[in-house]
Amino acid sequence: MNRNRSIPLLWVLLMAGGMWLSAMHVSVHSELSDLLPEGTTRTQGLLLTQVRSGLAGRLMLLALEGGTPDEMAQVSRELGERLRASGQFALVENGAQDLTTQDRDIVFQARYLLSPRVGAETFSSESLRKALEQRLDDLRSPLAPLIKETIPADPTGEFLTIVTAWSAEDRPAKHRGVWMSKDHSKALLVVETKVAGFDADAQAAVQEEIRHTFAVLAGQRAHLRLLMTGPGVFAVESKQTIEQEAWRLSTAAAALVLCFLYASYGSMALVLLSLIPLTAGIMAGMLAVQGWFGFIHGITLGFGITLLGVVDDYPIHLFSHLSSRGSVSAVMREIWPTMRLGVLTTAIGFAALLFAGFPALTQLGLFAVTGILTAALVTRWVLPTFVPDGFVPRPVWPAFHGELERLTRMKPVIPAAIVLACSTLLWSHTPLWQTDLASLSPVSEANKQLDRQLRAEMGAPDVRDLLVIEGQTEEDVLQYAEVVDANLIPLRTSGTIAGYDLISNALPSRRTQQNRQSHLPERSVLMRNLDHALTGLHFSPGLFTPFVAAVESARTQPPLQRTTFEGTALGARMNSLLFEQGRSWMAVVPLRGVADREQLAAGVRSWNMPAVTYLDLKEESNRLMTAYRDRTSVIVVCGLFVIGVVLTIGLTSGSLLGPILFPIVSALAVVAAVLNLSGESLSLFHIASFLLVIGLGLDYALFFNRLEGSEEGRLRTLYGLLVCSTTTILVFGLLATSSIPVLHAIGITAALGSFCCLLFAGMMAKKVPHVS
Amino acid sequence: MTSGAPRTDRLLSNGRDSGLTGRRALRWGSGCGCVVVLLGSLGHAAAPSQWTVEVLMGLLKAQREHSVRFQESTYSSLLTKPLIAHGVLKFVPPDRLEKLITAPSHEQYVVEGNRVTFESERKGVKRTISLEEYPALRSFVEAFRSSLNGDVVQLYQVYEVTLEGSREEWTLLLRPREPSGKSVVDYILFTGSEGRVATIAIRAPDGDRSVMTILQGAGR
């Protein structure tokens, strides 16, 4: 009696303590990159760094539509200016601005170190003569007023050479000086955020600011619309969709389950009591994940709670065995060995996720294992103390005599189903495995379509292909980059790639700059050559004094560095192309319009530069995902083996192993075949859900084969099993309706699997059950 | 109707070389210039009673020639003597315009639709750009198109238009309305008689200017 009072009290205290801990210490994260693995190879490491924080993830495409071309051009121009001024972006390009005044000044000052044309011949009298004649042509050109002022200081036109080399040719068409789609229906902009693409919260804030700025500029012109796309936009959308749907679905599922429980037993007390293990499990899981990882991801929490729905089976097992004869504790003690075995094996199944090496799955595994064990212990030791004496919930629909017997007669269906399933899998045209990561993306098809369209119109600043150059120092990387440039030019000429952004074109290595400096003539030599070149050309006397002075000062000018551009627009751009990574330096070279990836990869290999890696982000992500899927599959198989061993020991008899394990394995085969027939290929998440199916199946099979004292007890056990499985099917069936591929995969696998396990376990159940 | 001449002098006297009034015009780039040049030579017989821009445009359009020769003098503050160039202007309906410089070195501009192809012997380049990239050029060409189509409304959109003088001796003054146009052109001044253009002068904002003299009867 004393114990019966102290346990509920202790329990209430513990729950209160747990709630306080959760409220004070559990931090729920939402960054998707927290769920990504570390990667095992160097390429995977590079990939994941790029995906997490790299340039590819930070590029965003914007489009304005719905107005006249002139209107959109004006808004694009103003939007560009405001976004540049906001300081949130490393780059805002809409065609309107090549260089800021600040950057122009720096580049103009350093033109003799930056221009690729500066060489031994540049300042000979012949070269100068040619250049001066070209300047005469410039003075006759329509744009003379714009060019004229640079002539006295830069008669060889180095500044223009630099700027022309920088402005990529594969850019969109323009209207009124800003980028516009070919049909003039959209003004186009590219921005690069300073925050990482996967930082969904920061991205959401930046995107909100863009929307706000646009709304202010559009003002009365309500017909103008802003379109945004890119990895950051997708990250925000994914996060919102996943969170919303995870929570919406789990809330709906919980409500559905509670209603169903009430409908099945007609007892509110039972519904409330069944919440005791569940809430304890959720809290324990949450605290365990927080303790181990230091945070819990919102998505883990959402999915985890759904997964823990299975622990509702434990109280139902207890209630379905209650009778007016024995006390609650006695009944609990009686069914505990069977339940314990089910709990252990289910926990082993989820424990396998701990070794998946994928933070998303590891968190989920820890959450589930802790939750399941806690819920089971609570069911064993705490729940009975809450159950009032004489509480015997009655099945609302008790009559299904002989159903099980009829079911067991259908046993031959199972081998037939397996044969059918295996042949389906063998001959099916649907690939067994999902290899395209994109199909797992929760981003809506409409938005993917918009992304493809804008990229095409933008001349595809593709975020898919990159070269990564690594080196000990900044100078090393720049020197490698110059070699890469020489190697890339033929690939661009041959059309293998349309273009690329290479840091060394904006910032040559110190060695190259010094080499150019060495070609700058002394003042007296330059003046003599210039005088010679000017003969017969009617330039005003003394016009080129600024030129002579500039060359003279460039001879001793310190080489231009990245830090020279600190704080300027060009500097921000440089920082995203060249940066320190750990103890080494890294340059990223985005490649645009890659026509032939194999040829490109072969080309890069043939350069024989170990410092350079070609990264096809899409292919590499898929490879990564496939690697983790395979690893998870192996873990599932190992888990299954361990479960078999535990069962053999726990059952103390090998004869039951067949009726218990066989239905589960059959169910997995059938589920895989049904999924395949419905056109779904298996992904990492289907495989992870198989673990759930194994856990559920074990539970059903163990109780089906349990020795019951009376026929009535046996019927109530069966009723309990039906209730358990129906709740599971309801919960996961609901998840299966989700538009999010991952949720759908988990839902459909678990719902189908639960159904098959129940059916097969029923068919295989021994006529005289004897799990003691 | 003779007030045109003094006005011309006044306008051009801002330049260094006011004595050259009328006989010149900046270069081609001003597609607009070409336009009107090509527009024509001899006036129509059916003369309306009022002398208006519309009437002039009608005359020029009706009388446009396929090709004319020109001499162009460029005056710049960077130079002690004007640059002299010779060449041919060609027009192929509906929208192809060519300016070919034959001396002192070969240089060619071809405007077709929104594309401008530039080819230079000295620079060794052939480049195609879009007019959209160069709003300053665009305003020239838009004026050119509207003129060729007799689209006076469009011409008025891009330029402030002032017609002075008489049908026998007229001046047409165009001042760009938009900043992009103003960045390279202060004004464009045409002189001519009937449907025949004599000179096109283009003055840049900094006072530099070019004067194109149409050599009559040399083209085909």
Side-chain angles (χ1 to χ4, degrees), chain A residues 69-70 73-74 76-77 95-96 98 117 129-153 155-157 160-161 164 167 169 171-182 184 187-188 534 536-544 546-547, chain B residues 26-33 72-85 87 99 101 104-107 109 114-116 118 120-125 127-138 140-141 178 180 182-186 202-210:
Chain A
D70 288 0
Q74 191 194 337
S76 166
R77 193 182 298 277
D98 299 323
R117 274 201 328 208
R129 174 74 181 197
K130 249 188 187 160
L132 292 170
E133 284 174 348
Q134 290 176 8
R135 297 299 80 79
L136 290 179
D137 289 347
D138 285 347
L139 286 176
R140 284 193 291 105
S141 96
L143 296 176
L146 305 179
I147 305 168
K148 187 182 155 192
E149 63 171 349
T150 65
I151 291 179
T156 56
L160 202 66
T161 305
T164 311
S167 61
E169 283 161 19
R171 288 306 194 190
K174 280 188 186 176
H175 175 78
R176 304 248 152 186
V178 299
W179 290 342
M180 190 91 38
S181 64
K182 280 208 178 69
H184 282 204
L188 305 168
L534 279 168
L537 304 179
H538 303 287
F539 283 104
S540 304
L543 181 66
F544 295 110
F547 165 59
Chain B
L26 276 201
R27 91 309 275 357
W28 101 288
S30 12
C32 175
E72 180 188 68
S73 312
T74 304
Y75 301 83
S76 167
S77 58
L78 302 189
L79 301 173
T80 52
K81 281 187 169 181
L83 293 170
I84 309 292
K99 179 193 186 189
I101 307 259
S105 74
H106 266 271
E107 207 174 67
Y109 293 86
N114 261 347
R115 317 290 299 162
V116 181
F118 168 71
S120 162
E121 188 187 29
R122 272 183 186 167
K123 293 186 181 175
V125 294
R127 214 175 20 237
T128 301
I129 58 162
S130 165
L131 277 182
E132 304 294 354
E133 311 263 343
Y134 295 90
L137 281 188
R138 204 178 64 119
F140 286 132
V141 174
E178 296 205 357
S180 56
K182 284 182 182 157
S183 68
V184 286
V185 171
D186 183 9
I202 303 177
R203 187 183 145 104
D206 62 0
D208 284 4
R209 65 190 192 288
S210 77

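Small disclaimer: the values here were computed from a predicted structure and weren't measured.
Nearest heavy atoms, A:Pro145 versus B:Ala204: CG-CB, 3.8 Å.
Of the possible polar contacts, none joining the B:Thr74 side chain to the A:Arg140 backbone as a donor-acceptor pair under 3.5 Å is found. The closest donor-acceptor contact from the side chain of B:Arg122 to the backbone of A:Asp137 lies at 3.5 Å or more, if one exists at all. Proximity of a side-chain donor or acceptor of B:Thr80 to a complementary backbone N or O of A:Ser540 within less than 3.5 Å is not detected.
To the nearest 0.5 angstrom, A:Lys148 atom NZ is 5.0 Å from B:Leu78 atom CG. Between the OG atom of B:Ser76 and the CG atom of A:Asp138 there is a distance of 11.0 Å, given to the nearest 0.5 Å.
Two residues are said to be in side-chain contact when any heavy atoms from C-beta on lie closer than 4.5 Å; B:Leu79 and A:Leu136 meet this criterion.
The side chain to side chain contact (heavy atoms under 4.5 Å, CB included) test applied to B:Glu121 returns B:Ser105, B:His106, not counting sequence neighbours. Judged as a side chain to side chain contact (heavy atoms under 4.5 Å, CB included), and not counting sequence neighbours, the contacts of A:Leu160 are A:Thr164.
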Show your reasoning for whether side-chain contact (heavy atoms from CB on, under 4.5 Å) applies to B:Ser120 and A:Gln134. CA-CA 9 Å; B:Ser120 162; A:Gln134 290 176 8; over 6 Å; no
May I have the step-by-step check of side-chain contact (heavy atoms from CB on, under 4.5 Å) for B:Tyr109 and A:Ser141, ending in yes or no? CA-CA 10 Å; B:Tyr109 293 86; A:Ser141 96; 3.5 Å; yes
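For chain B, the nearby part of A:Ile151 is the side chain; its heavy atoms alone come within less than 4.5 Å.
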